[in-house]
Amino acid sequence: MAWSILRCDEVDSTNNVCKTLAAQGADNTAVIARRQTAGKGRLGRSFRSPEGGLYLSVLWRGCPTGQLLTVTPLAAVAVCHAIEQTCGAVCGIKWCNDVVLDGKKLCGILTESSLRPDGGAEWLVVGIGVNVAQTAFPPDIADMAASLAMQGYSVSPDALAEVLLEQLTAMRQALPHPQAWREEYRRRCVNLGRPVQVLRGDASRQAMALDVDQQFGLTVRYENGETETVRSGEVSVRGLYGYIE
Ligand code: BTN
């Protein structure tokens, strides 16, 4: 399987471009931009996307129901592989899908889909934003964001994109039998064994992160001893003292 690649200098959002292409019937397509004017993050947030980052979305059709929840976590593993292969940085994953380096966020992933009546995806867009060559961040995110360059690693967005597309192909091949990738997700998950805050709406509860289950839910134990497996979408998880700690 080869990706048809569309490279752009500037778009509103590579996810939006993929969604437009999906509506026109495209399949196996990647959109890469040097900057985005309206980059989208999870939970309706925006994702700042200046030059120096890698903004890449891939689109494919026909993902079965059973694989849908697996795609985004495995994409985070694919990002870790691509970064390690191109510049040697060894990254972790902050549950649920942020790639982190030295305790700071390096990459976010936003997956969007059009679901069929049977619950599978008619099409799926996986959008990945990696901080590659930025040398500074705005004050409101400076404490929690990092770029590869700022952490001392040298690679160009184009070189990283090439390897990331190979890794995303490997990830798609792994989707029907994801056990090895799932294990790697667990090994890289920086939250396990650490205290976290589970944020649900305005409420926040302190817990210990224990494990990641088969569907990539995070099992936590609260201070009263009660355990719960929380799912992305219903909660977010923060460290107690910083972005991951
Ligand atoms: C997050 O951390 O909240 C997810 C951020 C996802 C950003 C990427 S950049 C490429 C693609 N296009 C977008 O508009 N968003 C994703």
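Note that ligands are numbered from 1 as they come in the structure, with each ligand's atoms numbered from 1 the same way.
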Atom 2 (O) of ligand 1 [closest protein heavy-atom partner, distance rounded to 0.1 Å]: K105 NZ, 2.5 Å
Which segment of N16 sits under 4.0 Å of ligand 1 when only heavy atoms are counted: neither
N or O contact, Y55 vs ligand 1, cut-off under 3.5 Å: no
Those atoms of ligand 1 less than 4.0 Å from some heavy atom in R42: 1 (C), 3 (O), 4 (C)
Non-hydrogen side-chain atoms of V196 and V220 separated by less than 4.5 Å: yes
Salt-bridge contact D211-R186 (side-chain N to carboxylate O under 4.0 Å): yes
Per-atom contacts of ligand 1 with L110, taking only distances under 4.0 Å to non-hydrogen atoms: 6 (C)
Identity and distance of the protein heavy atom lying nearest atom 15 (N) of ligand 1: K40 O, 2.7 Å
Atom pair CG (N15) and OH (Y55), whose distance is rounded to the nearest 0.5 Å: 13.5 Å
E112 bridged to K40 by N-O distance under 4.0 Å: yes
Pair Q36-T14, side chain to side chain donor-acceptor pair (under 3.5 Å): steps then yes or no: CA-CA 7 Å; Q36 299 182 118; T14 51; 3.2 Å; yes
Per-residue contact class, I109 against ligand 1 - non-hydrogen pairs under 4.0 Å: backbone
Salt bridge present between R231 and D213 (N-O < 4.0 angstrom): yes
Ligand 1 atoms in contact with G127 (distance to a heavy atom under 4.0 Å): 8 (C), 11 (C), 16 (C)
Protein heavy atom at shortest distance from atom 8 (C) of ligand 1: G129 N, 3.6 Å
Nearest non-hydrogen partners of D12 and T37, listed with the distance: CA-OG1, 3.1 Å
Shortest protein contact, atom 9 (S) of ligand 1 (heavy atom only): Q36 NE2, 3.4 Å
P50 side chain reached by Q134 side chain, heavy atoms, under 4.5 Å: yes
Per-atom contacts, ligand 1 versus G41 - under 4.0 Å to a heavy atom: 1 (C), 3 (O), 4 (C), 5 (C)
For atom 5 (C) of ligand 1, closest protein heavy-atom neighbour: F47 CD1, 3.4 Å
4.5 Å side-chain heavy-atom contact, R172 and L168: no
R188 and E184 ion-paired at < 4.0 Å: yes
Those atoms of ligand 1 less than 4.0 Å from some heavy atom in G39: 14 (O)
R45, portion touching ligand 1 at heavy-atom distance under 4.0 Å: neither
Which of the ligand 1 atoms, numbered from 1, are nearer than 4.0 Å to a heavy atom of S57: 11 (C)
Nearest non-hydrogen protein atom, atom 10 (C) of ligand 1: T14 OG1, 3.2 Å
